[in-house]
Amino acid sequence: MRYKIDYEKRIKELLEQENKQYTYYIETMGCALNENDSMKYAGILEKMGFTKANEIEKANVVLFNTCCIRENAEDKLFGRVGYLKTRKKQNKDMYIAIVGCMTEQGHILDKIRKSYSYVDVVLGTKSMQFFAEKLYLAIKNHKKTQEVQDNEHEIVEDVPIRYEEGYKASISIIYGCNNFCSYCIVPYVRGRERSRLPEDILNDVKTVASKGYKEITLLGQNVNSYGNDFKDNKYTFVDLLTEIEKVEGIEVIRFISPHPKDFTDALIDKIASSDKIAKQIHLPLQSGSTRILESMNRKYTKEHFLTLVEKMKERIPNVSFSTDIIVGFPGETEEDFLDTMDVVEKVKFSLVYMFCYSIRKGTRAERMENQIEESVKVERLQRLKALFEKLVLEDNEKKIGTVHKILVEGLSKNNDKMYTGRTIDNKIVVFEAEEKDIGTVKNVEIVENNKWYLTGKIV
Ligand code: SAH
Ligand code: SF4
Ligand code: F3S
């Protein structure tokens, strides 16, 4: 279905009649897909004539885009919503919306209805197209929407998007997930896989290219199952990459996340032969133990993962990997954990996102026996972190004295004379440069190892 700008206009007219100027504030939790959805909500709100507020307290519409991948997010959300209660009482022109993954969990809706009834709009992950209408009803008639509809089969195109400033843009290519990893809530809250049509994606790519964006990140819970749900053709993720590469102006293409089980030789060859696809691959390991991987329903073994990495290292010069790892999955023994440590040691990831296993209601792992003590999870997480830091330091040391071609990305956060960029394997390098250098490529020699970043100098 194509998105229709309608209620946006009505809200704009309504506010103009009353001579009101509204602002909005979006708080986003969770992954890049949620960030991307928030860009769309921002686009929709700007069509209503709203401007972005810098502080939550000053906004007329506060939108929480929520995540429920792990446990802690719930307290955080309701803390924030609770904080706004008295402000909302004082300010008749304040509206609160809660959208995103968490709203798809039944108990959350109950909790909102019971204890946070002042929330104006609640919408699920497939209902963005109704946001403007529901907000209109809230503003005009004080009518609240606290329900979650299921519009699973619908893909909504032409939603207005407010891209972030800079030269990087993200584009969703596939929604939902069919994998049902046993620990994961995503398939329950995001529904089944739905691939956007190639022409709609390419239109977005061309749009961002024409706006001057140089780098795009293609998003999906499993990008390499892109196209599997197309009935009548054999269009694949590799075909999509091939077409995107041809779009003029786009210089770097990234994607998150691919699933190791679907990483085909064709995809490896595509990355190897492309001068636009980044050689930095996010390859989620989750566990290094074949036994645990099976129980997680990941559909690959330790050996398969290592062979895949070896194959990519052989075929793709300068390839580097980042990953996600869960420690303390039900039944994980010391031996299983050591398998994870072993893979980390062997692959030498440039970045590891590490998580303690968090029980999610309704998933298969919730019902597994042998849940691991919290203290054991934390201890394993610390050991994994220590190993990773040791490996990072060793790798950094090897880089001292070497020269890298680095795109000057922008000013460093902590020092207004220093600028940042990344090595080809995605290490942050900080070096002295000038504002006019932003967006150009410089030869930078690495001079100092600071663990999470390197210091360099332009040569
Ligand atoms: N689709 C992506 C992951 C999305 S969720 C993929 O398959 O890689 C991001 C990460 O959160 C996952 O990779 C996993 O490491 C972590 N995660 C998911 N469910 C979790 C849970 N129940 N407990 C702890 N970490 C979890
Ligand atoms: Fe969750 Fe697995 Fe789907 Fe990733 S692939 S979103 S971890 S079920
Ligand atoms: Fe969280 Fe939903 Fe992403 S649960 S990780 S925001 S898909």
Side-chain angles (χ1 to χ4, degrees), residues 26-38 41 64-74 76-77 98-105 108 124-126 128 170 172-194 218-226 228 255-263 281-288 292-293 295-300 305 321-330 332 340 344 349 351-368 371-372 374 377-378 380-381 384:
I26 299 181
E27 203 158 286
T28 309
M29 303 159 185
C31 65
L33 284 148
N34 253 19
E35 298 278 352
N36 190 267
D37 283 348
S38 286
Y41 279 110
F64 294 98
N65 193 3
T66 61
C67 167
C68 53
I69 198 83
R70 283 169 292 273
E71 211 165 9
N72 46 15
E74 210 172 302
K76 192 179 156 206
L77 172 74
I98 304 179
V99 302
C101 296
M102 209 189 272
T103 65
E104 297 276 347
Q105 298 179 290
I108 294 287
T125 55
K126 303 149 208 138
M128 188 183 285
S170 67
S172 296
I173 62 166
I174 176 168
Y175 302 108
C177 183
N178 289 358
N179 288 313
F180 289 93
C181 302
S182 60
Y183 50 81
C184 185
I185 193 82
V186 171
Y188 303 91
V189 296
R190 286 269 177 175
R192 295 294 68 70
E193 284 173 359
R194 285 128 22 231
L218 306 175
L219 303 176
Q221 289 300 354
N222 180 1
V223 286
N224 43 5
S225 56
Y226 177 80
N228 286 354
F255 48 83
I256 43 175
S257 294
H259 196 302
K261 78 176 165 61
D262 299 319
F263 220 106
I281 311 288
H282 185 68
L283 198 64
L285 168 68
Q286 312 301 1
S287 167
I292 294 295
L293 285 168
S295 173
M296 286 177 161
N297 194 29
R298 288 292 289 179
K299 303 202 168 76
Y300 54 85
F305 190 92
F321 298 96
S322 57
T323 200
D324 292 350
I325 292 174
I326 297 174
V327 298
F329 183 80
E332 184 187 74
T340 300
V344 169
F349 297 103
L351 199 56
V352 180
Y353 298 93
M354 307 166 203
F355 311 103
C356 285
Y357 167 69
S358 171
I359 298 189
R360 302 286 68 206
K361 262 201 199 94
T363 60
R364 255 205 297 141
E366 183 206 1
R367 299 186 292 276
M368 288 178 188
Q371 299 282 340
I372 304 291
E374 215 47 45
K377 293 182 196 171
V378 171
R380 287 182 186 161
L381 193 79
L384 182 60

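As the structure lists them, so they are numbered: ligands from 1, and atoms in each ligand from 1. Here the structure is a predicted model, which means the values were calculated and not measured. By convention here, the first residue in the shown sequence is residue 1.
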Q. Counting no waters, what protein N/O/S atoms lie under 2.8 Å from atom 3 (Fe) of ligand 3?
A. C31 SG

(Q) Could you identify the single nearest non-hydrogen protein atom to atom 4 (S) of ligand 3 and state the distance to 0.1 Å? (A) C68 N, 3.4 Å

(Q) What does the 4.0 Å heavy-atom contact list look like for ligand 2? (A) C177, N179, F180, C181, Y183, C184, V186, P187, Q221, H259, R298

Q.
I want to confirm something. Looking only at heavy atoms, which of I326, L33, D324 is nearest to atom 10 (C) of ligand 1?
A. D324

Q) Can you list the ligand 1 atoms lying under 4.0 Å from a non-hydrogen atom of R360? A) 22 (N)

Q. Parallel, tilted or perpendicular: which describes the rings of Y353 and H282, with under 30° parallel and over 60° perpendicular?
A. perpendicular

Q. Closest non-hydrogen protein atom to atom 19 (N) of ligand 1, residue and atom name please, with distance?
A. Y183 CD1, 3.3 Å

Q: For side-chain hydrogen bond (donor to acceptor under 3.5 Å, both in side chains), just list the numbers for N36 and S170, CA-CA rounded to whole Å, side-chain angles, deciding distance to a tenth of an Å, and then say yes or no.
A: CA-CA 7 Å; N36 190 267; S170 67; 2.9 Å; yes

Q) Closest non-hydrogen protein atom to atom 8 (O) of ligand 1, residue and atom name please, with distance? A) P284 CG, 2.9 Å

Q. To the nearest 0.5 Å, what is the distance between CE (M128) and OH (Y41)?
A. 4.5 Å

Q. Does R70 come within less than 4.0 Å of D324, counting only side-chain N to carboxylate O?
A. no

Q | Y357 and F329 aromatic ring geometry - parallel, tilted or perpendicular at 30°/60° bounds | A | perpendicular

(Q) Nearest 0.5 Å, please: how far is SG in C184 from CG in N179? (A) 9.0 Å

Q. What part of R70, side chain, backbone, both or neither, has a heavy atom within less than 4.0 angstrom of ligand 1?
A. side chain

Q: Any chance you could measure M102, atom CE, to I108, atom CD1, to the nearest 0.5 Å?
A: 5.5 Å

Q: List the steps, then state whether side-chain contact (heavy atoms from CB on, under 4.5 Å) holds for S182 with M368.
A: CA-CA 10 Å; S182 60; M368 288 178 188; 3.8 Å; yes

Q | From CD (E71) to CD1 (I359), nearest 0.5 Å | A | 7.0 Å

(Q) With a 3.5 Å distance limit and no angle check, can you tell me whether S38 reaches the backbone of T28 through a side-chain donor-acceptor pair? (A) no

Q) For the residue pair F349 and F305, does the interplanar ring angle fall in the parallel (under 30°), tilted (30 to 60°) or perpendicular (over 60°) class? A) tilted

Q | Test item: L33 and S172 side chains (from C-beta on) under 4.5 Å apart, heavy atoms | A | yes

Q: Give the residue, atom name and distance (to 0.1 Å) of the protein heavy atom nearest atom 5 (S) of ligand 1.
A: I69 CD1, 3.5 Å

Q | Minimum non-hydrogen distance to atom 15 (O) of ligand 1, winning option of Q286, M354, K261, E366 | A | Q286

Q.
Heavy-atom contact check, 4.0 Å cutoff: does R298 meet ligand 1?
A. yes

Q.
If we check side chain to side chain contact (heavy atoms under 4.5 Å, CB included) with N65, which of these qualifies: T125, V99, T103?
A. V99

Q. Can you find an N or O of Q221 that's nearer than 3.5 Å to an N or O of ligand 1?
A. yes

Q: Apply side-chain contact (heavy atoms from CB on, under 4.5 Å) to I173 and F255, showing your working.
A: CA-CA 10 Å; I173 62 166; F255 48 83; over 6 Å; no

Q: Could you go through the side-chain contact (heavy atoms from CB on, under 4.5 Å) check for C68 and R360 one step at a time?
A: CA-CA 8 Å; C68 53; R360 302 286 68 206; 4.1 Å; yes

Q: Give the single entry among A365, C356, A32 that approaches atom 24 (C) of ligand 1 most closely by any heavy atom.
A: C356

Q) Can you check whether I174's main-chain N or O pairs, donor with acceptor, with R194's side chain at less than 3.5 Å? A) no

Q. Does any N or O atom in Y357 lie less than 3.5 angstrom from one in ligand 1, N or O only?
A. no

Q) Hey, is ligand 1 close enough to S358 that some N/O pair sits below 3.5 Å? A) yes

